[in-house]
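Report on one structure; see the data block that follows.
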There are 2 protein chains.
Amino acid sequence: MTKLNRQWIYARPVTGELAMENFAYRQVPVPVPGQGQVLVRNRLVSLDPANRTYFVMQNYRPKLELGDVMASFAIGEVIESRDRRFKTGDLIHADLGWQDYAILNSYERSEYVYKCTQGHSDEDLIGVLGVTGLTAYFGLQEVGKLQAGETVVVGGATGACGVIIGQLAKLAGCRVIGFGGGPDKCQWLVDEIGFDAAIDYKGNDPAGDLAHICPEGVDFFSDAVGGIVTQSTLPLMKKNARWYHYGNVSTYDRATTDSPVDLGEALTATLRNICEERNLRPRFLLVFDYYCQRKSAEKVLAGLLKSGQLKAPTTIVDGFEKLPETLIHGTLQGNRYGKLNVRLRR
Amino acid sequence: MTKLNRQWIYARPVTGELAMENFAYRQVPVPVPGQGQVLVRNRLVSLDPANRTYFVMQNYRPKLELGDVMASFAIGEVIESRDRRFKTGDLIHADLGWQDYAILNSYERSEYVYKCTQGHSDEDLIGVLGVTGLTAYFGLQEVGKLQAGETVVVGGATGACGVIIGQLAKLAGCRVIGFGGGPDKCQWLVDEIGFDAAIDYKGNDPAGDLAHICPEGVDFFSDAVGGIVTQSTLPLMKKNARWYHYGNVSTYDRATTDSPVDLGEALTATLRNICEERNLRPRFLLVFDYYCQRKSAEKVLAGLLKSGQLKAPTTIVDGFEKLPETLIHGTLQGNRYGKLNVRLRR
């Protein structure tokens, strides 16, 4: 009997909020690797807000086209290799997508396709030691440049990246305030993760709440969300404060090919004036541009994990069939703590 | 009037020696960059033995298919950018191929597509500071590990990479012998480049000539050619000598999809025994795997160029129409000194 490869396909155009009907399930034969190719069995699929952007724009990967297997970074195991770089049994990180088996090519980017360091769990490899953790690490290194005693505001603080940024800022001796969605998450940020305070952005007056907590202003803003979070924080930022803008999650699920919604939407005329006067500029960086430093960053983060100074909270959903609903409800609607993954097999 | 883009296309299957008939010329409209894309005007096209492998195998790029624009690394200028990484006027290194204008995508490998350091000539950027120079540099760093006083043999010494390896080995205090094709090239290696001696591999007894010159054996062999060059050198190598095998040019022009000729062909039973007894193993490395160190290597090489300690001989052929014949006669048949390029415009 031929082994089958389950796949979730991008089946109907995304024109608004992502929905189940945008995906179709199919089974195809497991592909056979040709010269220069590797066959990988997928174990753990990373689900992230960035997945939603794949439908509307070309960024660090080509825009998804109808009929494509849905794309996602993942951890998998090499089953058969005809690429000098890998051998059977190697655990690798790559965009394996929403399928059991993927073919990788010898010419794929070394920033995405690499052999994992041994001795870590799949969820740490795809999270705190992967794209999301490194987005936190390099953002602080390049934009944050934190000093002890500074005040840091973290948007999307319960997300995979924000939760790491907040903890690293605490380790740097900063006072750290995080935005979370709802009282449970806010309490979790303070009690479990060690934030100094948390603001419910779904509350009545998040801007007032934040102003109350930060009477002396904000030195660094880690901005993943846009919308009300950005609008609440900008007025409190000091002159020349640093602003790391690595996402705009509040708008993603409205983005279309014709109008990929951007940060500009959140910036009223008043806020633009504030930015002008105080020399506040959002700084974006593409984490892959820093991948020459990946291994040294990984070493630092792994050391902090091991010593218990850093927590890498993770939500794992089991089962291939759960992929679409987990992206929709978990990632885009924020129903998760920390890094969100779907496990296909152990 | 629409501006036109001249292209050389891979038009007829390569089944033996590369010939003009494998290529077809055409003109198409200049493409318009979409979101995430860059339009680049090509200035200087690199021609290298490795181009011949593109027809028969997937390596650091997909195998060429009929109808593809012929692939080659090149230096070009950004005309229009819709990719955050680049702006109009940037000089970049990329696989622009045999055409006047190329479109690059935001997701292409940063090892291939990068902004060039300012203040260097196009030919240095594509040669001694590009793939060929770095193949020399990283090969010596990773495999050569040269000590002053050692004996070094360089195959393909008049080629883009060999000529740099030989000079760097001289700078490391080694005695350096190069293989060249014919007496003129051998004389050039000694008189112009500063090799200690050169052997004509087209001569009557290259193995005997080399043995005569290296009575105490060989410590490091830089092997780009295979065939008679490898067969002449291996018997002289000391136990545990280092062997950098970065190409097999003597066989390339016979390679087909079904039989990509490899080094094995050059290794007789006697030579295999020698390798076994003396622990000699060819070491290959993919230069792109070392590109995190590209800028520091570039700095070293540029410093040596500037101080006159390193020469980067280059043959430049002018004119788009010369591309196929220059690859065939210049690169594959060895009719060039140093790095070979075709200039499309200044």
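Given the structure is predicted, the values throughout are model-derived calculations rather than measurements.
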Original post:
So, for B/Gln58 and A/Gly36, which heavy atoms are closest and what is the spacing to 0.1 Å?
Top reply: NE2-O, 3.0 Å

Subject >> Residue A/Gln35 excluded, over 12 heavy atoms near CD under 6.0 Å >> reply: yes

Subject >> Step-by-step side chain to side chain contact (heavy atoms under 4.5 Å, CB included) determination, A/Arg85 to B/Leu286 >> reply: CA-CA 10 Å; A/Arg85 298 182 298 172; B/Leu286 186 62; 5.7 Å; no

**OP:** Check whether A/Phe284 gets within reach of chain B through its side chain, its backbone, both or neither, counting any heavy atom under 4.5 Å.
**Re:** side chain

**OP:** Check whether A/Asn59 gets within reach of chain B through its side chain, its backbone, both or neither, counting any heavy atom under 4.5 Å.
**Re:** backbone

Original post:
For the atom pair OG (B/Ser106) and CE (A/Met57), what is the distance rounded to the nearest 0.5 Å?
Top reply: 7.5 Å

Subject >> Value rounded to 0.5 Å, distance of CD in B/Glu111 from OH in A/Tyr107 >> reply: 14.5 Å

**OP:** Could you tell me whether A/Glu17 atom CD has more than 12 heavy atoms of other residues or ligands within 6.0 Å of it?
**Re:** no

Original post:
Where does A/Arg82 contact chain B at under 4.5 Å (heavy atoms): side chain, backbone, both or neither?
Top reply: neither

Original post:
So what's closer than 4.5 Å to chain B heavy atoms on A/Glu108: side chain, backbone, both or neither?
Top reply: backbone

